[in-house]
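What's counted below: heavy atoms across the whole structure, side chains too, no hydrogens, waters or symmetry copies. To find a chain, count down the sequence lines: A is the first, B the second, and so on, and within it residues start at 1.
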Amino acid sequence: MPELPEVETTKIGITPWVVNKEITDVIIREKRLRYKIPGNIKKQLINKRIISVKRRAKYLLINFSHGSAIIHLGMSGSLRIIKTNEPARKHDHFDIVFIDDTALRYRDPRRFGAFLWSENPLSHRLLIKLGQEPLQEKFTGEYLWKEAKNRRITIKQFIMNANIVVGVGNIYASESLFLAGINPNRKANRISKKRMEGLVQAIKLILNDAIKAGGTTLQDFYMSDGSAGYFKQKLKVYGREKHPCVSCKFPISMKVIGQRSTFYCKKCQS
DNA sequence: CTAAGGACCTGTCGGC
DNA sequence: TGCCGACAGGTCCTTA
């Protein structure tokens, strides 16, 4: 799935197709996502008009005057706009149908995603404890450094902790640490404020680049119009075990950290 | 409180 | 060709 850039790309892709549209139906074919789709969601959406689409962390918020639908894409989810006469395929779990015979269709083979309703989504239990947005000004080296003071976990696990900073998934964690020259095995509380500042800049740059490129496509993500993103070719370490480092030619290493594959250059990252 | 590991699911790929 | 295990972009929950 979708790391933050893909979610942002999805938000941008669907917004012009859904904002100001009136919903005529919500078709639910499979309610067993990560959480059971609540029974009242149809009632909350039908005959209502979408005001805006926002993003908090990797959650998409479909905003109405009386509350918000919360959508998460999990590992394998995607959203796209369809014509209502397009037959549903396997794993197309729900459609939000609009008055003009288009629909927002959600597909998620692994069903790790979510479709929820909240009158006040930012206070929802899944969102209330989330940390800083990486692309906003309050995400600084100073902030990261202070938060890391009592943390003995690796820096890679630290930046993937959504209670600290949101939106840094497994791909971009490796990519950001490579760009910052920091070894992913290093303990979070053993990194200077100066290097934390470099890491923050690296994260912002990597995520912005990926958003500009339209998001990374590996297997499951398609932009809402169905065409593939193309950031994959810009990855410098992720998925490149044994391939030469783009900077020094030394073979890229792979190690499992916190149950996730981690890629890095032993010569360039300390 | 922090940290570690399991859990949730299906599809795909490599090896034999 | 067929089967089997390993692995995949997330993140919550339980246990220590």
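For dA8(C), the OP1/OP2 oxygens have a side-chain nitrogen or oxygen of S261(A) closer than 4.0 Å. Within the 4.0 Å cut-off from OP1 or OP2 of dG6(B), at least one side-chain nitrogen or oxygen of Q259(A) is found. Checking the phosphate oxygens (OP1, OP2) of dC13(C), a side-chain nitrogen or oxygen of R125(A) falls inside 4.0 Å. Listed pair R111(A) / dT10(B) meets the phosphate criterion, a side-chain N or O lying under 4.0 Å from OP1 or OP2. For the OP1/OP2 pair of dG10(C) and a distance below 4.0 Å, the side-chain nitrogens and oxygens of R260(A) include at least one atom meeting the criterion.
Of all nucleotides listed (dG11(B), dG10(C), dC7(C)), dG11(B) comes nearest to the side chain of K90(A). Distances were taken from every side-chain heavy atom of I153(A) (C-beta onward) to each of dG11(B), dT11(C), dA4(B); the shortest belongs to dA4(B). Side chain of R110(A), nearest nucleotide from dA8(C), dC12(C), dG10(C): dA8(C). When the nucleotides dG5(B), dA8(C), dA4(B) are ranked by their closest atom to the side chain of Q157(A), dA4(B) comes out on top. The side chain of R34(A) sits closest to dG10(C) out of dG10(C), dG5(B), dT10(B). Distances from the side chain of H72(A) to the nucleotides dG10(C), dC7(C), dA4(B) place dG10(C) closest.
Contact check on E197(A) versus K193(A) returns no salt bridge, with no Lys/Arg side-chain nitrogen under 4.0 Å from an Asp/Glu carboxylate oxygen.
Using modelled atom types, one finds no donor on one side chain facing an acceptor on the other under 3.5 Å when comparing N185(A) with K156(A).
Rounded to the nearest Å, the gap between the P atom of dC3(C) and that of dC9(B) is 25 Å. Comparing the P positions of dT12(B) and dT11(C) gives an interatomic distance of 23 Å, to the nearest angstrom.
Rounded to whole angstrom, the span from the OH atom of Y172(A) across to the C1' atom of dG10(C) amounts to 14 Å. K36(A) places its NZ atom 18 Å from the P atom of dC8(B), with the value rounded to the nearest Å. For H93(A) and dC8(B), the NE2 to C1' distance is 13 Å, given to the nearest whole Å. Between L33(A) atom CG and dC9(B) atom C1' the separation is 11 Å, expressed in whole Å. Atom P of nucleotide dA3(B) and atom CZ of R152(A) are separated by 6 Å, given to the nearest angstrom. For R151(A) and dC1(B), the CZ to C1' distance is 9 Å, given to the nearest whole Å. Put simply, CD on E3(A) is 13 Å from C1' on dT11(C), counting in whole angstrom units. Rounded to an integer number of Å, the gap from CD of E30(A) to C1' of dC9(B) is 11 Å.
Nucleotide dC8(B) is matched to dG10(C) when pairs are restricted to Watson-Crick or G-U wobble geometry with both distances under 3.5 angstrom.
Among the protein residues, Y35(A) comes within range of the sugar-phosphate backbone only, with heavy atoms under 4.0 Å from sugar or phosphate atoms but none that close to a base. Counting any heavy atom pair closer than 4.0 Å across all strands shown, R32(A) reaches no nucleic acid atom.
In this structure, F112(A) forms no aromatic stack with the base of dT11(C), since the conditions of centre separation below 5.5 Å and plane angle below 30° are not both met.
By the 4.5 Å heavy-atom criterion applied to side chains, F158(A) and L199(A) are not counted as neighbours.
Between atom CD of residue E86(A) and atom NZ of residue K83(A) there is a gap of 10.5 Å, rounded to the nearest 0.5 Å.
Under a cut-off of 6.0 angstrom, the local environment of CD in E119(A) is sparse, with at most 12 non-hydrogen atoms contributed by other residues, nucleotides or ligands.
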request  = For the pair Y106(A) and F115(A), evaluate ring pair (Phe, Tyr, Trp, His ring centres under 6.0 Å) and give the outcome as yes or no after the intermediate values.
outcome  = CA-CA 9 Å; Y106(A) 177 93; F115(A) 182 33; 7.5 Å; no
